[in-house]
*Asks:* 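Questions regarding the structure given below will be posed in turn.
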Amino acid sequence: MARASWLAGRRALVMGLGTHDGGLGVARYLAHSGAEVTVTDLRGPEALASALEALSGLPLRFTLGEHRAADFERAEIVVRNPAVPLDSPWLALARAHGASIEMEMSLFFRVCPAPIVGITGTKGKTTTATLCAGILRQWRPDTVLAGNMGKSALDTLERITPETPVVLELSSWQLEGLVEPGLSPQIAVFTNFSEDHLNRYRSMAEYLNAKLQIARCQGPDDFFVVNRDDPAIWGARGVTRGHVVPFGVDDGEASGAFLSGERLLWRRQGEEAEICRAGELTLPGAHNARNALAAAAAALLRGAAVEDARRGLTGAAPVPHRQERVAEVDGVLYVNDTAATTPAAVFAALDTFRGRPLVVIAGGSDKQVPLEELARRLAAEAAAVVLLQGAATPELAARLDAAGTTVLGPFDSMPRAVGTAAGLARPGEIVLLSPGCASFGMFRDEFHRGEAFREAVGALSPRGEPVR
């Protein structure tokens with residue numbers, strides 16, 4: 001593993017190990033770089049068993065089930081998990097004793113030898129990052145894809161040379177870690193912006209400000225790929241010192257990636273090329289045409305050719321948990337869109353499947369996002385809504401009831417929710433898991449929720465009822 005000499009001998013504290021690769025990658029990286037590493041997490045050994053097993057054999061010290069002031073007071077470097085808020089009193093304690101605060105991404109950006117393509121947005125960032133990496137692999141098979149998708153960026157360092165294309169999906173929480181060191185990717189992409197994470201941020205303006213770190217510290221030779229059709233993002237494009245490259249519906253601009261009718265176009269330096277037709281894209285929906293434009297623009301700026309973009313987009317595999325067609329049982333199509341954790345993402349799914357009768361499974365935990373428009377769209381476009389338990393569900397249920405739609409639940413298990421939805425759906429119809437809410441409470445995260453949906457669908461009998 002690539003090492004950072006400046007970490008050797010330093011007292012490092014990993015705050016929040018978690019169960020995904022990000023925290024594991026940080027602990028491994030610090031240990032291999034010669035730091036004296038302590039890992040602290042409020043969860044106990046049982047909840048972290050798989051993560052602890054993955055780190056066995058490394059010279060790490062653990063404080064689990066609690067945080068201890070002494071750990072923060074003696075630390076020279078604290079690497080916080082993205083879920084740890086900036087105003088945590090534990091971070092304040094560490095700062096008061098002279099510690100610097102890092103995150104996985106700040107460590108990675110400091111040592112990555114290659115230019116970075118960074119992709120953010122309220123929704124679409126995973127799909128766009130995956131499409132961008134797929135295009136770049138047509139040009140350079142050694143392309144690295146990591147970031148906010150359960151893959152540690154630090155674990156990929158040993159594979160990266162100065163020529164390796166690197167694509168990172170970056171959440172607003174990860175971007176917070178780039179503010180203090182003043183870092184941004186050389187090619188930045190902002191897919192779209194809508195209400196989300198208002199349980200973390202005090203306002204939409206604060207949330208947008210966190211997202212804009214994607215381009216705030218770019219240099220004059222860098223590129224900011226911006227959604228021309230999103231007023232909030234387009235209006236903030238002046239945050240960068242780099243070149244602004246728009247994408248969206250064609251309005252005749254001389255440079256950028258545009259949708260003109262069915263044609264996906266790339267214009268640069270006075271030349272125009274057709275990348276492909278919208279009907280050739282393997283991912284459905286108008287939102288994915290925009291994701292494709294953003295991905296192609298970033299990949300082409302990085303060095304890929306238009307033909308690479310065409311092959312990468314028309315041959316792309318479906319992205320798990322995003323309008324993923326799981327199975328057809330007794331003539332009913334089951335679609336896993338668990339990554340739709342905001343109303344805007346549900347709207348994209350409703351647009352994709354417009355014209356087909358839907359039974360939607362929705363609800364979950366609360367991110368303080370307004371639910372009025374979600375209830376209105378579901379009432380207008382779904383034959384019935386099956387609700388999962390969660391802090392946001394009672395409000396959604398009340399709004400759906402007031403709109404006069406059929407509401408069942410809330411249910412405290414995915415098999416019961418899927419079984420109920422299956423009993424309502426008829427051949428030719430769709431059961432769509434598109435919650436519009438976060439997953440915590442019933443599930444570890446949205447991906448656990450999606451896996452539970454897959455398992456419940458797999459257990460259906462030919463009559464569309466759960467197997468007992």
Side-chain angles (χ1 to χ4, degrees), residues 114-121 124-125 127-143 145 162-167 184-192 214-215 218-230 233-283 286-316:
I116 296 171
V117 177
I119 297 171
T120 198
K125 53 187 178 291
T127 298
T128 302
T130 302
L131 289 173
C132 184
I135 294 168
L136 287 167
R137 286 187 181 124
Q138 300 294 323
W139 169 49
R140 293 277 308 221
D142 60 334
T143 293
L145 172 64
E163 291 74 37
T164 304
V166 176
V167 181
S184 291
Q186 287 83 0
I187 300 174
V189 179
F190 203 150
T191 60
N192 53 63
I214 192 83
Q218 287 187 310
D221 295 328
D222 296 335
F223 297 96
F224 187 20
V225 180
V226 185
N227 188 338
R228 181 69 177 80
D229 303 325
D230 190 308
I233 301 173
W234 187 245
R237 65 191 183 280
V239 72
T240 186
R241 291 186 296 140
H243 303 279
V244 174
V245 180
F247 72 90
V249 175
D250 190 10
D251 63 355
E253 287 202 45
S255 293
F258 303 105
L259 183 64
S260 178
E262 279 287 298
R263 304 167 70 213
L264 277 69
L265 303 175
W266 173 243
R267 296 196 191 111
R268 192 75 179 155
Q269 297 176 338
E271 297 185 2
E272 178 179 290
E274 181 177 310
I275 300 169
C276 64
R277 300 275 174 153
E280 296 178 285
L281 297 173
T282 56
L283 305 184
H287 65 294
N288 276 323
R290 292 191 292 272
N291 292 337
L293 288 171
L300 292 164
L301 291 168
R302 180 60 183 86
V306 170
E307 181 58 24
D308 298 321
R310 188 195 68 77
R311 289 198 303 267
L313 294 178
T314 59

*Asks:* Ala296 and Ile275: which non-hydrogen atoms are nearest, and at how many Å?
*Replies:*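 Shortest heavy-atom separation between Ala296 and Ile275 comes out as CB-CD1, 3.8 Å.
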*Asks:* Please tabulate, one pair per line, all N/O donor-acceptor pairs under 3.5 Å involving side-chain atoms of residues 308-316, not counting sequence neighbours.
*Replies:*
| unit_1 | atom_1 | unit_2 | atom_2 | d |
| --- | --- | --- | --- | --- |
| Asp308 | OD1 | Arg311 | NH2 | 2.8 |
| Asp308 | OD2 | Ala305 | N | 2.8 |
| Arg310 | NE | Glu307 | OE1 | 3.3 |
| Arg310 | NE | Glu307 | OE2 | 3.2 |
| Arg310 | NH2 | Glu307 | OE2 | 2.9 |
| Arg311 | NE | Gln138 | OE1 | 3.0 |
| Thr314 | OG1 | Arg310 | O | 2.7 |

*Asks:* I need the Phe223 CZ to Leu300 CG distance, nearest 0.5 Å.
*Replies:* 11.5 Å
*Asks:* Flag the pair Arg263 / Arg277 as yes when at least one side-chain heavy-atom distance between them is below 4.5 Å, and no otherwise.
*Replies:* yes
*Asks:* With side chains defined as the heavy atoms from C-beta onward, is the minimum distance between Pro185 and Ile214 less than 4.5 Å?
*Replies:*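 Yes - at least one pair of side-chain heavy atoms lies under 4.5 Å apart.
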*Asks:* In Å, rounded to the nearest 0.5 Å, how long is the span from SG of Cys132 to CG of Asn291?
*Replies:*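 CG of Asn291 is found 11.5 Å from SG of Cys132.
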*Asks:* Among Thr143, Ile187, Leu145, Val166, find the residue that satisfies the side-chain contact (heavy atoms from CB on, under 4.5 Å) test when tested with Val117.
*Replies:* Ile187
*Asks:* Looking at CZ of Arg290 and CG of Leu264, how far apart are the two atoms once the value is rounded to the nearest 0.5 Å?
*Replies:*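 If I round to the nearest 0.5 Å, the distance is 11.5 Å.
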*Asks:* Provide the closest heavy-atom pair for Pro115 versus Arg302 in the form atom of the first, atom of the second, distance.
*Replies:* CD-NH2, 3.9 Å
*Asks:* Between Leu259 and Ala289, what is the shortest heavy-atom contact and its length?
*Replies:* CD2-CB, 4.4 Å
*Asks:* Backbone N or O of Trp234 within a donor-acceptor pair of the Arg237 side chain at under 3.5 Å?
*Replies:* yes
*Asks:* For the CH2 atom of Trp266 and the CG atom of Leu293, what is their distance to the nearest 0.5 Å?
*Replies:*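 Rounded to the nearest 0.5 Å, the CH2-CG separation comes out at 10.0 Å.
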*Asks:* If we only count heavy atoms from C-beta on, is the Ile116 to Ser184 side-chain gap below 4.5 Å?
*Replies:* no
*Asks:* Set out, in order, the CA-CA distance, both residues' side-chain angles and the distance that settles side-chain contact (heavy atoms from CB on, under 4.5 Å) for Val167 and Leu136, then state yes or no.
*Replies:* CA-CA 9 Å; Val167 181; Leu136 287 167; 3.6 Å; yes
*Asks:* Between Phe190 and Asp230, does a side-chain contact (heavy atoms from CB on, under 4.5 Å) hold up when you go through it step by step?
*Replies:* CA-CA 10 Å; Phe190 203 150; Asp230 190 308; over 6 Å; no
*Asks:* Any idea which heavy atoms bring Phe258 and Val249 closest together, and the distance?
*Replies:*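 In this case the closest contact between Phe258 and Val249 is CD2-O, 4.0 Å.
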*Asks:* Measure the CG-OG1 distance between Asn192 and Thr120 for me, rounded to the nearest 0.5 Å.
*Replies:* 9.5 Å
*Asks:* Could you tell me which non-hydrogen atom of Gln218 sits nearest to which non-hydrogen atom of Gln186, and how far apart they are?
*Replies:*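 Nearest pair, atom of Gln218 first, then Gln186: NE2-O, 3.4 Å.
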*Asks:* Does Glu272 have any side-chain hydrogen bond (donor to acceptor under 3.5 Å, both in side chains) partners at least two apart in sequence or in another chain, and if so, which?
*Replies:*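 Result, side-chain hydrogen bond (donor to acceptor under 3.5 Å, both in side chains) vs Glu272: Arg267.
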*Asks:* For the pair Ser255 and Val245, evaluate side-chain contact (heavy atoms from CB on, under 4.5 Å) and give the outcome as yes or no after the intermediate values.
*Replies:* CA-CA 7 Å; Ser255 293; Val245 180; 5.8 Å; no
*Asks:* So do Asp251 and Arg228 actually touch side chain to side chain, heavy atoms under 4.5 Å?
*Replies:* yes
*Asks:* Would you say the side chain of Leu301 lies within less than 4.5 Å of the side chain of Arg268, judging by non-hydrogen atoms?
*Replies:* yes
*Asks:* For Ala129 and Ile119, work out which heavy atoms get closest and say how close.
*Replies:* CA-CD1, 3.5 Å
*Asks:* Any donor-acceptor pair under 3.5 Å linking the side chain of His243 with the backbone of Pro220?
*Replies:*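 Yes, His243 side chain to Pro220 backbone: donor-acceptor pair under 3.5 Å.
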*Asks:* If we ignore hydrogens and angles and just use 3.5 Å, is the side chain of Asn227 paired with the main-chain N or O of Thr191 as donor and acceptor?
*Replies:*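 Looks like yes, one N/O pair under 3.5 Å.
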*Asks:* Could you walk me through whether Leu131 and Leu283 pass the side-chain contact (heavy atoms from CB on, under 4.5 Å) test, one step at a time?
*Replies:* CA-CA 10 Å; Leu131 289 173; Leu283 305 184; 4.0 Å; yes
